[in-house]
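Here the structure comes first, spelled out in structure tokens, and everything after it is commentary.
Throughout, protein chains are lettered first and strands after them, A, B, ... in sequence-line order, and every chain is numbered starting at 1.
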Protein chains: 2
Amino acid sequence: MARVTIEDVALAAGLSVATVDRVLNGRAAVRPQTAQKVEKAIRQLNYQPDRLAARLAKGQEYRFCFVLPEGNNDFMIGLGEEVRAMASHLVSERVQIDLRLTDVFDAAALAATLDSIGDIYDGVAVVALDHPRVREAINGLVERGVSVVTLVSDVPSSKRVHYAGIDNSSAGRTAATLMGRFLGGKTGKVGLIAGSLSLRDHIERRFGFEQVLAQEFPQLAILPVLESRDDWQRVEKVTAEMLSAHTDLIGIYNVGAGARGIVAALENTGRQKQVTYIAHELTDHTRRALVDGTIDAIINQNAGHEVRSAVRVLMAKADRTPLIEAMEHIRIDIFVRDNLP
Amino acid sequence: MARVTIEDVALAAGLSVATVDRVLNGRAAVRPQTAQKVEKAIRQLNYQPDRLAARLAKGQEYRFCFVLPEGNNDFMIGLGEEVRAMASHLVSERVQIDLRLTDVFDAAALAATLDSIGDIYDGVAVVALDHPRVREAINGLVERGVSVVTLVSDVPSSKRVHYAGIDNSSAGRTAATLMGRFLGGKTGKVGLIAGSLSLRDHIERRFGFEQVLAQEFPQLAILPVLESRDDWQRVEKVTAEMLSAHTDLIGIYNVGAGARGIVAALENTGRQKQVTYIAHELTDHTRRALVDGTIDAIINQNAGHEVRSAVRVLMAKADRTPLIEAMEHIRIDIFVRDNLP
DNA sequence: TAAGCCTTGATAGACGCCTATCAGGAATTG
DNA sequence: CAATTCCTGATAGGCGTCTATCAAGGCTTA
């Protein structure tokens with residue numbers, strides 16, 4: 001049951017190790033019929049190159065850069081931690097990961113960061129803003145031979161090789177379905193709070209949410225969207241205003257961050273139980289509120305999965321190995337009080 | 001930025017490579033103070049042994065065996081496929097995985113299988129039945145130095161090193177919460193169908209479900225549990241009987257497999273929309289029924305994650321590397337129509 | 001037929017670590 | 001102080017692959 005080595009293949013094909021290697025790595029010209037002999041032997045013996053030995057010999061090093069938003073958004077902080085964890089874990093596998101923080105809301109700054117991270121990287125993962133300047137910056141990297149993966153927030157029109165994140169329109173639809181079903185057949189108003197209406201993920205969530213609500217739960221009226229810039233104090237303010245303006249408010253869907261602001265506003269008015277509240281991203285705050293019953297469901301994307309998926313994709317691109325698309329699909333988690341991890 | 005090698009450590013510690021190696025691998029007696037010098041150098045240089053090189057040098061091979069239930073349970077078939085996929089993927093990493101099928105409902109057969117798979121394996125993963133004979137068989141393996149991981153269904157009282165599966169009591173609670181909330185404030189009867197009341201996972205799900213329903217949704221009455229042995233034709237029969245006996249049935253929770261039987265029974269009576277139906281495990285059948293609206297939510301455990309987690313754990317045990325417990329936690333997925341993967 | 005090119009073989013050395021052995025010096029024992 | 005035992009150093013060879021180089025034929029071309 002010993003391993004099949006390149007030597008066995010050479011022997012079986014009646015050729016030399018050097019020639020087999022030439023075929024395997026396309027190093028030099030080999031006559032087609034010779035190459036066929038090699039391939040036949042490989043198939044017969046079911047030879048699979050030892051990746052450990054190969055990487056050792058090649059002394060391959062991967063250098064990746066993760067560009068994340070700065071600021072105190074809980075989810076993004078968690079994402080950064082996952083990147084760091086992955087980085088230290090992968091030292092022993094010859095992968096180096098750098099982390100850069102930048103202002104996501106500022107397209108120019110983000111684009112500048114992307115432009116500046118020169119050719120020292122084999123791949124870049126970025127939480128992107130969908131803006132022409134950013135798109136151009138991504139395309140620039142790709143043209144220079146750097147694989148780019150968008151993380152959490154996509155730029156579909158760019159030449160990025162992959163998007164590691166959830167389908168936000170589906171996430172919005174999911175929120176709507178839960179909202180509608182949790183409210184039974186009740187009639188009333190539903191409020192929608194977004195971080196920014198220029199962030200692609202927020203737009204898509206809103207779109208999915210409104211679509212399903214209008215179609216399947218016409219008894220629920222959606223209030224005009226409020227913008228919060230993902231700042232929890234602002235969130236609290238607008239929520240409080242909304243609560244006092246609409247006494248028949250029975251649902252809140254928070255598309256972005258700043259969940260604690262809503263929690264605070266609800267607690268201040270004592271209307272936690274009357275209002276069905278659906279939030280995004282599992283953090284310490286949202287978790288506590290879910291257990292308390294203030295939040296009714298959390299739609300989550302697993303930051304760890306996203307980071308690991310991004311790394312896998314970047315590694316696969318770096319050494320041109322095919323990747324199993326299905327494995328890289330990021331799921332939309334739903335958490336209620338009872339299935340919290 | 002070159003890699004730190006064992007040689008660098010030796011140099012920094014003012015010792016020889018041989019001695020550093022002795023410390024690292026506990027090969028021979030080394031004076032404590034010498035060992036400390038080595039450890040200090042390792043810390044200073046942040047040395048991390050190259051796992052690739054180490055495994056190459058050791059020529060380490062892992063041999064694992066996965067013991068799964070035979071039969072035509074969709075979920076288990078999927079699990080088997082995941083094992084095979086993982087096996088072929090890991091050939092290039094010197095991991096060999098064998099797959100054995102056995103009758104899970106038969107404790108003696110399962111125990112016999114476990115007893116028979118001798119000492120050729122470094123680790124065993126098993127979908128276990130919680131029964132004294134099985135427990136003894138597991139303990140026997142562990143005593144012979146074979147790491148055992150339980151998969152999907154646990155045997156907590158055994159000496160298994162790990163359980164790769166979901167918390168089934170939480171899964172049942174989750175189902176109850178969804179059931180209660182989806183039913184709004186409606187009053188009526190809820191039916192519960194289990195595969196077998198001797199399977200630990202089914203018992204726990206039932207327990208969690210009944211607990212939450214009794215506590216939080218007292219307006220819902222639970223009918224006596226029906227047993228189906230996970231056979232969908234039997235499921236259809238008992239469901240049909242239940243439906244005709246209880247015209248005020250408004251909810252069904254299927255704890256085990258055989259979801260298509262319930263779908264068929266509901267469709268035959270045309271009561272799909274009146275009954276809120278919560279099922280386990282995402283398969284082709286349940287997926288279709290969820291999209292159709294016959295199933296209202298699916299509680300799922302990700303077979304791929306479970307298999308990969310089991311392998312990671314077995315590998316970690318085999319070479320005594322510590323494992324990050326948090327990473328091995330298997331989540332309880334909730335799927336509604338909109339967040340299907 | 002000589003000159004050149006194309007294809008293949010043979011082989012050495014590297015990657016970083018493991019294993020084993022031998023020798024010499026240090027520390028311990030009587 | 002001699003005789004052990006203990007600890008450390010030095011070094012060779014191996015794991016499977018990659019890279020590079022040189023030599024030896026076979027073949028084409030003029």
Below the 4.0 Å mark, does D:dG9 have OP1 or OP2 next to a side-chain nitrogen or oxygen of B:Thr19? yes
Whole angstroms only, please: what is the CD1-P distance between A:Ile6 and C:dA10? 14 Å
Can you confirm whether A:Tyr47 sits close enough to A:Val20 that some side-chain heavy atom of one is under 4.5 Å from a side-chain heavy atom of the other? no
Rounded distance (Å) that lies between atom C1' of C:dA27 and atom CD of B:Gln33: 11 Å
Nucleotide nearest B:Leu15 when distance is taken to its side chain, options D:dA10, D:dT8, C:dA10: D:dT8
Taking for each residue the nucleotide of DNA chain C with the nearest heavy atom, is it A:Ala57 or B:Lys58 whose nucleotide lies nearer the 5' end? A:Ala57
Picking from D:dC15, D:dA10, D:dT17, the nucleotide nearest the side-chain atoms of A:Ala54 would be D:dT17
Bracket notation of DNA chain D in which parentheses pair within the strand, [ ] cross earlier pairs, and | pairs with another strand (Watson-Crick or G-U, under 3.5 Å): |..|||||||||||||||||||||||||||
Taking side chain as C-beta onward, heavy atoms only, is B:Leu45 less than 4.5 Å from B:Val9? yes
It should be established whether A:Arg55 places a side-chain nitrogen or oxygen under 4.0 Å from OP1 or OP2 of nucleotide C:dC15. no
Taking the minimum atom-to-atom distance to the side chain of A:Thr34, which one of C:dG9, C:dT7, C:dG16 wins? C:dT7
Would you mind reading off the distance between A:Arg31 atom CZ and C:dC5 atom C1', rounded to a whole angstrom? 14 Å
Length of the CG-P vector between B:Leu11 and D:dA10, whole Å: 11 Å
side-chain contact (heavy atoms from CB on, under 4.5 Å), paired with B:Glu306, selected from B:Val83, B:Val152, B:Val149: B:Val152
Minimum side-chain heavy-atom gap A:Arg55-A:Tyr62 below 4.5 Å: yes
With a 4.0 Å cutoff (strictly under), does any side-chain N or O of B:Arg22 reach OP1 or OP2 of D:dT8? no
Picking from C:dG9, D:dC18, D:dT11, the nucleotide nearest the side-chain atoms of A:Asn25 would be D:dC18
Let's see if you can work this out: which of C:dA10, D:dG16, C:dC18 has an atom nearest to the side-chain heavy atoms of A:Leu56? D:dG16
Mind checking whether B:Ile117 and B:Val67 have side chains closer than 4.5 Å, heavy atoms only? yes
Among the nucleotides D:dG16, C:dA10, C:dG16, whichever has the atom closest to the side chain of A:Asp50 is D:dG16
Within 6.0 Å of CD in B:Glu70, more than 12 heavy atoms from elsewhere: yes
Step through the shown structure and confirm whether more than 12 heavy atoms of other residues, nucleotides or ligands are within 6.0 Å of CD on B:Glu7. no
Rounded to the Å, how far apart are A:Asp21 CG and D:dT21 P? 15 Å
Side chains of B:Val134 and B:Asp130, heavy atoms from C-beta outward: is any pair under 4.5 Å? no
Respond yes when some side-chain nitrogen or oxygen of A:Tyr47 is under 4.0 Å from OP1 or OP2 of D:dG16, and no when none is. no
Whole angstroms only, please: what is the CZ-P distance between A:Arg51 and D:dT17? 13 Å
Please state how far atom CG in B:Leu24 lies from atom P in C:dG16, giving the value in whole angstrom units. 16 Å
Using atom NZ of A:Lys37 as one end and atom C1' of C:dT7 as the other, report the distance to the nearest whole Å. 12 Å
Need one value for B:Val17: base, sugar-phosphate or nothing, where a base atom within 4.0 Å counts as base even if backbone is also close, heavy atoms only. nothing
When you get a sec, tell me which of D:dC7, C:dG16, D:dG9 is the closest nucleotide to the side chain of B:Ala53? C:dG16
State which of D:dT8, D:dC15, D:dT17 makes the closest approach to the side chain of B:Arg94. D:dC15
